[in-house]
Student: 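Please read through the structure below; I'll follow up with questions.
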Amino acid sequence: MPRTKGSKNKVVLSVDERIAAVTAEIESLQEQVKEKKAELKQLKAEKEEEDQKRLLAAVAASGKSIDEVIALIRAEGAEKAEGTEENE
């Protein structure tokens with residue numbers, strides 16, 4: 001005798017039950033988003049710290065003082081700014 005495809009075993013949820021299930025799922029997903037945002041914030045902070053360490057190591061390896069490096073950076077920034085003004 002042929003069987004139907006599980007139609008006898010299906011649980012039929014009311015609209016209110018489906019709304020509650022979807023609402024619960026949304027709340028769960030929102031909590032996951034909060035957790036991922038916190039994780040991303042922490043990772044960005046770690047990256048910034050690593051970048052700062054690399055920068056300090058590069059300054060130390062250069063043999064220049066911090067003031068010399070700052071002066072070089074400012075001079076380079078000023079040159080770029082002048083080049084931009086000339087193109088306008």
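Predicted model only: the values in this text are computed from it and were never measured. Numbering starts at 1 and runs along the sequence shown.
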Student: Is T23 reaching over with its side chain to a backbone N or O of I19, donor-acceptor style, under 3.5 angstrom?
Tutor: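 Flag set: sc T23 to bb I19 pair under 3.5 Å.
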
Student: Please determine whether residues V22 and L29 belong to a single hydrophobic cluster, defined as Ile, Leu, Val, Met, Phe, Trp and Tyr linked transitively by side-chain heavy-atom distances below 4.5 Å.
Tutor: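 No; L29 is not reachable from V22 via cluster members.
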
Student: Please enumerate all residues that pass side-chain hydrogen bond (donor to acceptor under 3.5 Å, both in side chains) together with R54, with sequence neighbours excluded.
Tutor: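 Scan of R54 (side-chain hydrogen bond (donor to acceptor under 3.5 Å, both in side chains), adjacent residues dropped) gives D51.
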
Student: Within a 6.0 Å radius of atom CD1 on I66, are there more than 12 heavy atoms belonging to other residues, nucleotides or ligands?
Tutor: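 Count not over threshold, so no.
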
Student: Does a side-chain heavy-atom distance below 4.5 Å link E31 with K34?
Tutor: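 A side-chain contact exists here, since the closest heavy-atom pair is under 4.5 Å.
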
Student: Quick check: are there more than 12 heavy atoms from other residues, nucleotides or ligands sitting under 6.0 Å from CD of E46?
Tutor: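 It does: E46 CD has more than 12 such atoms within range.
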
Student: Other residues, nucleotides and ligands only: do more than 12 of their heavy atoms fall within 6.0 Å of CD on E48?
Tutor: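 Atom CD in E48 is not packed in, count stays at 12 or less.
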
Student: What is the distance from atom CD of E35 to atom CD of Q32, rounded to the nearest 0.5 Å?
Tutor: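 Rounded to the nearest 0.5 Å, the CD-CD separation comes to 7.0 Å.
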
Student: Give a yes or no on whether the backbone of S14 and the side-chain of E17 come within a donor-acceptor separation of less than 3.5 Å.
Tutor: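 Such a contact is found between E17 side chain and S14 backbone.
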
Student: What residues form a side-chain hydrogen bond (donor to acceptor under 3.5 Å, both in side chains) with K37, not counting sequence neighbours?
Tutor: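 Expected list: none.
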
Student: Would you sort out whether I26 and Q30 count as a side-chain contact (heavy atoms from CB on, under 4.5 Å), showing the intermediate values?
Tutor: CA-CA 6 Å; I26 289 170; Q30 286 175 333; 3.9 Å; yes

Student: Any carboxylate oxygen within less than 4.0 angstrom of a Lys/Arg side-chain nitrogen, looking at E50 and K53?
Tutor: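 The answer is no: the pair does not qualify as a salt bridge.
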
Student: Examine distances only and state if a side-chain atom of E68 and a backbone atom of S65 form a donor-acceptor pair shorter than 3.5 Å.
Tutor: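 Yes, the answer is positive, given that a donor and an acceptor are paired below the 3.5 Å cut-off.
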
